2 protein chains.
Amino acid sequence: MVDIQNDAAERLHSQGGRMTAQRRLILSTLESLSGHPTAEQIYEQARLSDPRLNLSTVYRTLRWLSAEGLVSPQRFEGQQRQGRFDLGQAEAHHHFLCVSCGRVIEFSEPALEVIGAKWGRRLHVRVDGMTLVLRGLCEACRSAGVQATDGGHGEVVSTASMRVGSV
Amino acid sequence: MVDIQNDAAERLHSQGGRMTAQRRLILSTLESLSGHPTAEQIYEQARLSDPRLNLSTVYRTLRWLSAEGLVSPQRFEGQQRQGRFDLGQAEAHHHFLCVSCGRVIEFSEPALEVIGAKWGRRLHVRVDGMTLVLRGLCEACRSAGVQATDGGHGEVVSTASMRVGSV
DNA sequence: CACTTATTGCAAGTCATTTGCAGTAAGCAA
DNA sequence: TTGCTTACTGCAAATGACTTGCAATAAGTG
Ligand SMILES: [Mn+2]
Ligand SMILES: [Mn+2]
Ligand SMILES: [Zn+2]
Ligand SMILES: [Zn+2]
């Protein structure tokens, strides 16, 4: 469980899958990237090493990694609609999203495990995972005078045919 | 704040907007639906009363309602990728999603407010909202013998070219 | 009842992600 | 090493879920 490369290779083999050059490339790119990259960002970065890599291969690999629990897909609603991926190597954690600038801050809160377990018991369900996203304004945006009480999800909507503006 | 129809009308007028027949229809459809309908479900239901309603009008109205905080967009990743809408009339609540059958159970946990506030303080940010989704297996699915430790997000991925199957 | 202009229906985009296919190459066996 | 089977890849085309431009309506106002 230490090296994602080997971990992935083992899992692949035990499933009749194959460890290819592109999968290796994607894996190491993933390790080298920080934050919560989109499939496209991973693609662009990886293609620096091998321009022949194809975007659909990135998506396919990411899908498999997600199913294996080696990365966890995230969706920080906001202006960008692309999914992001969290290299969940570290322990479980949660996120704060600034609805104005899109900045994401991570934090971990053990109490959530307890809450999850409690509700699993109360609802008679098995809880395998949870996602908590706090939404609001980061320090910078607040002092920059951004208001945005964020009714919906960080979108700026103007009446008058309701056209969406960018931050 | 009691009647969404009037509430919406007032907000519209104060913004120079207009209360139209289609907006009224969408609003009442929303009230009549339970659960977390998708735009399309709302559309289909509404169009029973007036087949001339257009889907893009539904999307536009839903976008405005979200921005006003009258409904809150939700995204329960899983097989369906469509956004869902929560008529947030009731107080803030959270969700449990069964990754196998898609069932959603709501619950409210006051402790989360506290946690949100705490992290707002610690991270020096203003927290305006939060979303917690618990993921796992509901009672029915568990006793039906579904396994799915859900690595990623409820998708069933088969190696061998990694084709996604439906649950 | 005019009149201004927000809103709608429709058709045509976008954008992110998925898929069909035929060629390519892992990994196992000889 | 060489075959051989078949998983994987690149590419192009397709999907799905919304979004948008535009000309035809129709709220709300005086
Ligand atoms: Mn993270
Ligand atoms: Mn709900
Ligand atoms: Zn910010
Ligand atoms: Zn279930």
Side-chain angles (χ1 to χ4, degrees), chain A residues 8-26 37-44 46-47 50-64 66-67 73-75 77-85 152-153 155-166, chain B residues 8-26 37-43 46-47 50-64 66 73 75 77-85 152-153 155 157-166:
Chain A
E10 270 175 48
R11 285 165 191 256
L12 279 169
H13 289 155
S14 74
Q15 295 172 38
R18 299 170 186 179
M19 175 50 83
T20 66
Q22 21 286 76
R23 305 233 249 230
R24 244 186 311 268
L25 173 56
I26 293 169
T38 62
E40 199 131 1
Q41 291 174 328
I42 296 165
Y43 169 63
E44 290 303 345
R47 127 192 289 271
D50 182 351
R52 313 184 314 153
L53 178 65
N54 190 278
L55 181 56
S56 62
T57 299
V58 175
Y59 273 111
R60 283 190 275 234
T61 300
L62 250 8
R63 180 138 51 106
W64 179 77
S66 299
Q74 299 285 333
R75 226 156 236 297
E77 301 282 330
Q79 43 277 174
Q80 24 265 7
R81 18 195 136 271
Q82 289 149 275
R84 294 179 168 275
F85 296 85
H153 263 175
E155 310 280 348
V156 179
V157 177
S158 56
T159 326
S161 253
M162 292 178 284
R163 215 153 276 105
V164 180
S166 52
Chain B
E10 269 175 49
R11 286 165 189 256
L12 279 169
H13 287 155
S14 74
Q15 294 172 40
R18 297 170 186 180
M19 175 50 83
T20 66
Q22 21 286 78
R23 304 234 248 232
R24 244 185 310 269
L25 172 57
I26 293 169
T38 63
E40 198 129 0
Q41 290 174 327
I42 296 165
Y43 170 63
R47 130 192 285 273
D50 181 352
R52 313 183 314 151
L53 179 65
N54 189 279
L55 181 57
S56 62
T57 300
V58 175
Y59 274 112
R60 284 190 275 234
T61 299
L62 249 10
R63 180 137 53 105
W64 180 77
S66 299
R75 225 148 232 307
E77 301 281 331
Q79 43 275 174
Q80 24 265 8
R81 22 192 137 270
Q82 289 149 277
R84 296 183 167 272
F85 296 84
H153 265 175
E155 309 280 349
V157 177
S158 56
T159 325
S161 254
M162 292 178 283
R163 215 153 276 107
V164 180
S166 52

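Quick note on labels: first sequence line is chain A, next is B, and so on, each numbered from 1. This one's a predicted model, so the numbers in the text were calculated from it and none came from an experiment.
Rounded to whole Å, the distance from CD1 on Ile26(B) to C1' on dT8(C) is 10 Å. We find that CG of Asp50(A) is positioned 11 Å from C1' of dT9(D), with the value rounded to whole Å. Rounded to whole Å, the distance from CZ on Arg47(B) to C1' on dT8(C) is 14 Å. Here the P atom of nucleotide dA17(D) and the CD atom of Gln41(B) are 11 Å apart, to the nearest Å. Note: CD (Glu40(B)) to P (dT19(D)) measures 13 Å, nearest angstrom. Put simply, CZ on Arg60(A) is 11 Å from C1' on dA7(D), counting in whole angstrom units. Atom P of nucleotide dA26(C) and atom CD of Gln15(A) are separated by 19 Å, given to the nearest angstrom. Rounded to an integer number of Å, the gap from OH of Tyr59(B) to P of dA17(D) is 7 Å.
Within the 4.5 Å cutoff, the side chain of Ile26(A) has no heavy atoms near those of the Arg23(A) side chain.
Between atom CG of residue Asn54(A) and atom OH of residue Tyr59(A) there is a gap of 11.5 Å, rounded to the nearest 0.5 Å. Going from atom CD of Gln22(B) over to atom CZ of Arg47(B) covers 13.0 Å, rounded to the nearest 0.5 Å. Rounded to the nearest 0.5 angstrom, Leu53(A) CG and Thr61(A) OG1 are separated by 8.0 Å. Rounded to the nearest 0.5 Å, atoms CG (Leu12(A)) and CD (Glu10(A)) are 10.5 Å apart. Interatomic distance, Gln41(A) CD to Phe85(A) CZ, rounded to the nearest 0.5 Å: 11.0 Å. Summarising the geometry, atom CD belonging to Glu44(A) is positioned 9.0 Å from atom OG1 belonging to Thr38(A); distances are rounded to the nearest 0.5 Å.
Nearest nucleotide to the side chain of Arg23(B), out of dC11(D), dA6(C), dT17(C): dA6(C). Taking the side chain of Gln82(B) as heavy atoms from C-beta on, and the options dG16(D), dC18(D), dC8(D), the nearest nucleotide is dC18(D). Residue Ser56(A) places its side chain closer to dC11(D) than to any other of dC11(D), dG9(C), dA16(C).
Considering every non-hydrogen atom in both Arg75(A) and Gln82(A), the closest pair reads NH1-C, 4.2 Å. Ala39(A) and Val58(A) make their closest contact through O-CG1, 3.7 Å (heavy atoms, listed as atom of the first residue, atom of the second, distance). When all heavy atoms of His13(A) and Met19(A) are compared, the closest pair comes out as NE2-N, 4.2 Å.
Residue Arg63(A) has a polar side-chain atom (N or O) positioned under 4.0 Å from OP1 or OP2 of dT19(C). Phosphate contact (OP1/OP2 of dC11(D), side-chain N/O of Asn54(A), threshold under 4.0 Å): present.
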Footprint string (nucleotides 23-30 of chain D, 5' to 3'): B base within contact, S backbone only, - free, heavy atoms under 4.0 Å: ---BBS--
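Bending across the helix from dC1(C)-dG30(D) to dA30(C)-dT1(D), expressed as the angle between its end axes from five pairs apiece, amounts to 40° (10° rounding).
In terms of position on DNA chain D, the residue among Thr57(A) and Gly83(B) whose nearest nucleotide sits closer to the 5' end is Thr57(A).
Within the nucleic acid shown, Leu55(B) has no heavy atom closer than 4.0 Å to any nucleic acid atom.
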